[in-house]
Amino acid sequence: MVDISKKRVFSNPLSVFLVQFLLILGLAQSNNLFAQPDSAQVWPTTKDSTSHVHPNYKMLRGIFAAQSALYLGSIYGLSKSWYKNKLTNFTIKDDTGEWLQMDKMGHVYTSYQIARHTAAIYKKTGISKRQMLVYGAISGIIFQTPIEILDGFSPDYGFSPGDMIANITGSVLYLGQVALWDEVRIQPKYSFHYTSLSKVRPELLGSNRYESWLKDYNGQTYWLSASPRSFFKGGNWPVWLCFSVGYGIQNMVSAERGKSIEMGYRPYRQYYLSLDIDLTKIKSKSKFVRTIGFLANSLKIPAPALVFSKKGVDFKPFYF
């Protein structure tokens, strides 16, 4: 079994965040993409109100072309640089026990963000809400599925059913909320802090600060943020102020818990409770500011946090 983290560039949330930032920012500035927050209801609700709306096919073709170039370039680069050994027969590997499922959290998050960002682009082309949801959800799955297939043909990895389930879950998490509520009420988010564990195994957890940012699961935290106001519309709670629950791990210096223990470390899970801000609810007349708010809403803001683990309850006055 190969003791290595899979698909670092393509499943790491900040890498996806930066790629989507470049694509969406360009389209947003030329097409006023974020005239309203992504969580606002912006789709017509009757057939009569949609009768005069016609898709912007020129914009649709541009989006398809940009997505295809990004997609094919990513897959080509991955096939040439990541898989060092020659691809062989297709195999399946159950890796759900690795990294205390933190890598699966990354897949859910990444697929969700791709779906959310892609849907935001399609929303302004004039297509229907149903089409927008389908295109967004499919993008979240399609972007990562060939990577899983390549893993299946790689002698170092193998196709992971757990990864595929996580990819689908992330897209469904976006599609389901907008289909049910006409808005996103529960926001998956991400934060990262550097740990000293990368010095223990730099080849696995990162030999420098940039690599650690990509590779060290011990420094990653995945969150679900929601404002009570989203569920209780008549309340006085600020619509932009959220509660956030997070998940992270500690002392994993190997993909396998047992191997980490053999090396003298005791891996454990950590759960967090904190406050957060929904940046899409911050009003601004500047479409550039709204675009930055939309993109930055992928990240959890630094804030005080309660930490729950097998060691008890701890308080972090400033956690990211």
Side-chain angles (χ1 to χ4, degrees), residues 13-14 16-17 34 36-42 100-102 104-117 119-120 140 166 169-193 217-250 268-284 289-290 292-320:
L14 291 188
V16 174
F17 174 82
F34 299 106
Q36 300 184 52
D38 70 311
S39 57
Q41 182 174 339
V42 295
L100 297 181
Q101 294 77 54
M102 276 296 287
K104 302 300 178 284
M105 298 294 291
H107 280 272
V108 171
Y109 175 93
T110 300
S111 182
Y112 172 89
Q113 294 300 338
I114 293 174
R116 181 175 79 101
H117 292 176
T169 299
S171 291
V172 170
L173 182 59
Y174 176 80
L175 184 152
Q177 291 189 76
V178 179
L180 180 63
W181 296 319
D182 274 328
E183 63 179 359
V184 174
R185 297 183 180 181
I186 303 171
Q187 302 267 4
K189 296 193 176 186
Y190 168 87
S191 67
F192 177 80
H193 60 272
Y217 283 123
N218 299 280
Q220 297 181 9
T221 307
Y222 291 97
W223 304 83
L224 292 176
S225 294
S227 172
R229 182 70 174 276
S230 296
F231 296 93
F232 305 100
K233 299 296 185 179
N236 295 322
W237 186 271
V239 67
W240 50 266
L241 185 59
C242 303
F243 285 109
S244 192
V245 294
Y247 173 67
I249 62 175
Q250 284 294 322
Y268 61 93
R269 308 172 191 270
Q270 292 190 139
Y271 304 91
Y272 304 86
L273 178 62
S274 182
L275 294 175
D276 190 31
I277 294 177
D278 186 344
L279 297 175
T280 65
K281 300 293 175 55
I282 304 299
K283 295 182 179 180
S284 173
V289 171
R290 292 195 298 271
I292 297 299
F294 177 88
L295 294 167
N297 212 45
S298 303
L299 307 178
K300 166 75 169 61
I301 67 166
L306 288 173
V307 185
F308 304 88
S309 70
K310 67 177 184 179
K311 293 186 175 182
V313 180
D314 192 14
F315 175 72
K316 302 288 186 182
F318 187 82
Y319 182 82
F320 185 72

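Reckoned from all heavy atoms, side chains included, excluding hydrogens, waters and symmetry mates. From a predicted model like this one, the values you see are computed outputs, not experimental measurements.
- Between the Ser111 side chain and the His107 main chain, no donor and acceptor come within less than 3.5 Å of each other.
- Within the structure, side chain to side chain donor-acceptor pair (under 3.5 Å) contacts touching residues 310-320 (residues at least two apart or in different chains) are Thr221-Tyr319, Tyr272-Tyr319.
- Within a 6.0 Å radius of CZ in Phe315, other residues, nucleotides and ligands contribute more than 12 heavy atoms.
- For Phe320 and Phe192, the distance between ring centers is not under 6.0 angstrom.
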Report the C-alpha separation of Phe231 and Trp181 in whole Å, then their side-chain angles, then the decisive distance to 0.1 Å, and conclude whether the ring pair (Phe, Tyr, Trp, His ring centres under 6.0 Å) test is met.
CA-CA 10 Å; Phe231 296 93; Trp181 296 319; 5.6 Å; yes
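- For the 3.5 Å distance criterion, the side chains of Gln101 and Arg269 qualify, holding a donor opposite an acceptor.
- A distance of 6.0 Å separates CD1 in Ile282 from CD1 in Ile277, rounded to the nearest 0.5 Å.
- Contact record, Pro302 with Phe318: CB-CZ, 3.2 Å, taken as the closest heavy-atom pair.
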Side chain to side chain contact (heavy atoms under 4.5 Å, CB included) between Val307 and Val313, worked out:
CA-CA 6 Å; Val307 185; Val313 180; over 6 Å; no
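- Counting only residues at least two apart or in different chains, salt bridge (Lys or Arg N to Asp or Glu O under 4.0 Å) contacts with residues 238-247 are absent.
- The structure places CG of Leu175 at 11.0 Å from CG of Leu180, a figure rounded to the nearest 0.5 Å.
- Between the side chains of Trp240 and Ser227, no donor-acceptor pair is found at a separation under 3.5 Å.
- Evaluated for a ring pair (Phe, Tyr, Trp, His ring centres under 6.0 Å) with Tyr222, the options Tyr247, Tyr190, Tyr112 yield exactly one hit, Tyr190.
- Formation of a donor-acceptor pair under 3.5 Å by the Ser298 side chain with backbone atoms of Leu295 is found in this model.
- Contact check on Lys233 versus Glu183 returns a salt bridge, with a Lys/Arg side-chain nitrogen under 4.0 Å from an Asp/Glu carboxylate oxygen.
- No side-chain donor-acceptor contact under 3.5 Å links Gln187 to the backbone of Cys242.
- With sequence neighbours left out, the salt bridge (charged side-chain N to carboxylate O under 4.0 Å, His left out) criterion links Lys104 to Asp95, Asp163.
- Under the rule for a salt bridge (charged side-chain N to carboxylate O under 4.0 Å, His left out), Lys283 has no partner lying at least two apart in sequence or in another chain.
- Here the CG-CZ distance, from Leu173 to Arg116, works out to 11.5 Å after rounding to the nearest 0.5 Å.
- For Asp276, the side chain to side chain donor-acceptor pair (under 3.5 Å) criterion is met by Lys189, Ser225, not counting sequence neighbours.
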Is there a side chain to side chain contact (heavy atoms under 4.5 Å, CB included) between Gln113 and Tyr174 once you walk through the steps?
CA-CA 8 Å; Gln113 294 300 338; Tyr174 176 80; over 6 Å; no
Working for side chain to side chain contact (heavy atoms under 4.5 Å, CB included), residues Val239 and Asp278:
CA-CA 8 Å; Val239 67; Asp278 186 344; over 6 Å; no
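- Expressed to the nearest 0.5 Å, how far CG of Leu279 lies from CZ of Arg290 amounts to 14.0 Å.
- Atoms OG and CD1, from Ser230 and Ile186 in turn, are 9.0 Å apart once rounded to the nearest 0.5 Å.
- Exactly one of Ser244, Ser191, Ser274 qualifies for a side chain to side chain donor-acceptor pair (under 3.5 Å) with Trp223. That residue is Ser191.
- Gln250 meets the side chain to side chain donor-acceptor pair (under 3.5 Å) test with no other residue; sequence neighbours excluded.
- Formation of a donor-acceptor pair under 3.5 Å by the Arg229 side chain with backbone atoms of Trp237 is found in this model.
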